[in-house]
Amino acid sequence: MDQKLTKPYDPTTTEGRIYETWEKSGYFQPEADRPWADNPKTNPNFGKTFTIIMPPPNANGHLHAGHALFITMEDIMTRYKRMQGYKALWVPGADHAGFETQIVYEKKLEKEGRSRFGMEAKDLYDEIYAFTMEHKKYMEAEVRAVGASCDWSREKFTLDKDVIEKTQTTFKKMYDDGLVYRGKRIINWCTKHQTSLSDVETEFKEKKEPFYYFKYGPFTIGTSRPETKFGDKYVVMHPADTRYQEYTHGQQIDLEWINGPITATVIKDEAIDMEFGTGVMTITPWHDAVDFDIAQRHNLDKEPIIDFKGRLLPIAGEFAGLKIAEARPKIVEKLQAKGLLEKIDENYLHNVKVCYKCETTIEPQIKEQWFVKMKPLAAKAIEAVNENKIKFIPDNYRKIFLYWMENTLDWNISRQIVWGISIPAKICDACSDGTPDLDNTITTCKTCGGEMRADTDTFDTWFSSGQWPQLVLGYPEGKDFETYHPTDVMETGHDLIFKWVPRMVIFGLYLTGQIPFHTVYMHGLVNDAQGKKMSKSKGNVVNPIEIASKYGMDALRMGLVIGNPPGSDSALAENKIKGYKNFANKVWNISRFILESTEGINFDGNFSAFTPADQSLKQELADLLVDITSDMDNYRFHLAAEKLYHYTWHRLADEIIEDSKNILKGEDVVAKNSRAQFLHFALRQVLKSLHPFMPFLTEELWGIINPGGSLLIIEPWPHL
RNA sequence: GGGCGGUUAGCUCAGUUGGUAGAGCGCAACAUUGACGUUGUUGAUGUCACAAGUUCGAAUCUUGUACCGCCCACCA
């Protein structure tokens, strides 16, 4: 008997070695030679491809439990399809993660007593680049540690030269097609990070703030933001509001305001909620999205009140230069002194838009930015989903996706950060026009003849990530693009249902006329043992690499899969993983027993002289495998794994092997031989079908029971 | 304000098309020195949130209620 089988299974000495064997074998590449699979007579899926593009993990740090989950899921799908004879391609990647990485790096700078605002853009970029490249290595090593059978020869980084160039080309193409425009529109501004943000990069936070009622001429207006009211010269009410019938649209009223007398204009607009406050409000189009829309509709003046650092501008008179928080009480005090404060509601609860990273209150600003016109693009995406060209797992994400698509507004793709793909455009400071300029040839403004400078902004990271399936496969030309696009499955977290998935659908359809993937598989959050969200502040973060070093990666993978249906969040308990470590050892010992107790009997793949008892055992196993195959085909990996676990331990080991002890020790040579053949057969089926879930253990055992044979990774999936 | 998901054993959760309720961990008792103690055998614990309905039959389908969680949203 083989020496290797005498000890308990030790994942720590096995996993690295096995992964190296796989990587060297070339079987992660779909082109690798596989005799049975390359023959249409032995491979029912001959010539078919199966493709997954890996959501590129952030290159700025280490893997977390969520990464381990998605790598496991995608690896299961890839290994399963590979064993079924498909040319299975899984392309790994690394994400520069623009804004996110820049924030990580800014924190590092802060610790060192430095700040990005004093640095040359180029120097900052180079520093972050070096930082990212260093961390990228750890990330990749950890992806390997999870067992990812992805094709490293095709790995892409989101700042690879061709990725940058193609992203910039898309920008130009969209501009030429009228789908990208430079607009002076209201945007989300983070005063801490000094950049604009898209709508999906902001969150709402419930805050209790005072709500003030001020006398504004004959009206009483309600506001939670008195500090923006300096420039307010439009007073708005609903056209159907009978309380204000006597006032007409466009009517001018002289009144006393914060810094003296002003002339206000009455505006009637249906955006006003008659039930809210007094039904009358003044507007600040420069610093509020609703107000901006009203001003657009009626062609009203817009004036900035607050600068990009969050301080009041000279229009605020004596308050100029003050930060919002300092200015607010002083302004209220002054209005009160002038007798214009009517009352204060101290318990006003409302949602305030904040930066999703630092929770700083968003100060909306009007700014020249590049925008993607979403309506026509979204229409095509909606059509594709309605025609069932894209399937969602679980299905309810389809509705969520469609709702978002139907309601999405134009997308601001300009970011005032250096860490990203630069926007290849020239900007005219005189008339603020902008023109894409891929070749850096434009110097004068076509609108006003003014001098043009290079745009210093970078793309929103989702602008390039949205094109990821095409970029990775070498669009617009190349064999990979022809062979593997559209891809099969996009497996990603449900938190990316808006940030990423819709952009990919849009870009896929726009660039190639094809959907980028047939199926979207959403996984949930990996929570702690109590089902609570993992967070550094709670101290309940589970490091997958650490856990795996204790129990084995196969055990962690099983722990992540079993009991975790698509779309729902899961709880990761250490005890659960320990249980699967025990299972790995069980499989190890089953193999030991079968080899030991059948010494001298060679497995015969064509053996048919089974006793009726063994024939029925074989049928039982065949039925199970049919069932499991159906689970695999329908993305019920959690069920497939659990059934295999149960069969292997509680049927094969606890019952069949126990019964076999007497048979194998007995005198009935026919029965003995038949059972030995069945046990070998069952072991092989179990190892094969467990392989997508527990690749290291099963590959190791396969090598031991089948010395000199081919690797398990390319064995055919059991079909009986 | 709108939408989605959940509510099943002490804990974490499965339960694919409706057919006498499951897993892991935990718990109790027992067993066992050669496949494995990272073990085995046996067992206890559930009006499947609540109410009504459809059905021969509902954890599963329908409607409503309650609570929990998540997401979306231009509530001045």
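Chain A is the first sequence line, chain B the second, and so forth, proteins listed ahead of strands; every chain is numbered from 1.
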Worksheet item: Which part of the nucleic acid, if any, lies within contact of A/A653, taking any heavy atom under 4.0 Å across all strands shown: a base, the sugar-phosphate backbone alone, or nothing?
Response: base
Worksheet item: Counting any heavy atom closer than 4.0 Å, what does A/P364 reach on the DNA or RNA strands: base, sugar-phosphate only, or nothing?
Response: nothing
Response to the item:
Assert: residue with more 5' nearest nucleotide on RNA chain B, out of A/N527 and A/G279, is A/N527
Discussion item. Does A/D495 reach a base, just sugar-phosphate, or nothing at all? Heavy atoms under 4.0 Å.
Written reply: nothing
Worksheet item: Do the rings of A/Y216 and A/W257 sit parallel, tilted or perpendicular, given the 30° and 60° boundaries?
Response: perpendicular
Worksheet entry | Strand partner of B/A59, provided both Watson-Crick or wobble distances fall under 3.5 Å | none
Practice prompt. Output yes when at least one side-chain N/O atom of A/H350 is less than 4.0 Å from OP1 or OP2 of B/G1, else no.
Written response: no
Fill in: Residue met sooner reading RNA chain B from 5', once A/K576 and A/W649 are mapped to nucleotides
A/K576
Discussion item. Mind checking if A/Y580 touches a base, just sugar-phosphate, or nothing, with heavy atoms under 4.0 Å?
Written reply: nothing
Fill in: Partner nucleotide of B/A35 by Watson-Crick or wobble geometry (both distances under 3.5 Å)
none
Discussion item. Regarding A/F276, tell me which of base, sugar-phosphate or nothing describes its non-hydrogen contacts under 4.0 Å with the strands shown.
Written reply: base
Worksheet item: Do we get A/K343 above A/Y213's six-membered ring, with its NZ or CZ under 6.0 Å from the centre and within 45° of the axis?
Response: yes
Worksheet item: If pairing requires Watson-Crick or G-U wobble contacts with both distances under 3.5 Å, which nucleotide is the partner of B/G69?
Response: B/C4
Item to complete: Look at all strands and tell whether A/E275 reaches a base, only sugar-phosphate, or nothing, counting heavy atoms closer than 4.0 Å.
Response: nothing
Item to complete: Quick one: label A/A573 by what it contacts on the DNA or RNA (base, sugar-phosphate, nothing), any heavy atom closer than 4.0 Å.
Response: nothing
Discussion item. Under 3.5 Å, is there a donor on one side chain and an acceptor on the other for A/W717 and A/T629?
Written reply: yes
Item to complete: Look at all strands and tell whether A/D654 reaches a base, only sugar-phosphate, or nothing, counting heavy atoms closer than 4.0 Å.
Response: sugar-phosphate
Item to complete: In plain terms, say whether A/E363 and A/R225 are close enough for a salt bridge, that is, a side-chain N and a carboxylate O under 4.0 Å apart.
Response: yes
Worksheet item: When all nucleic acid strands are considered with a 4.0 Å heavy-atom cut-off, which category describes A/F498: base, sugar-phosphate, or nothing?
Response: sugar-phosphate
Discussion item. Using OP1 and OP2 only, check whether a side-chain N or O of A/N575 sits under 4.0 Å from B/U12.
Written reply: no
Item to complete: Would you classify A/G563 as touching base, sugar-phosphate or nothing, given that sugar-phosphate means primed atoms plus P, OP1 and OP2, and contacts are heavy atoms under 4.0 Å?
Response: sugar-phosphate
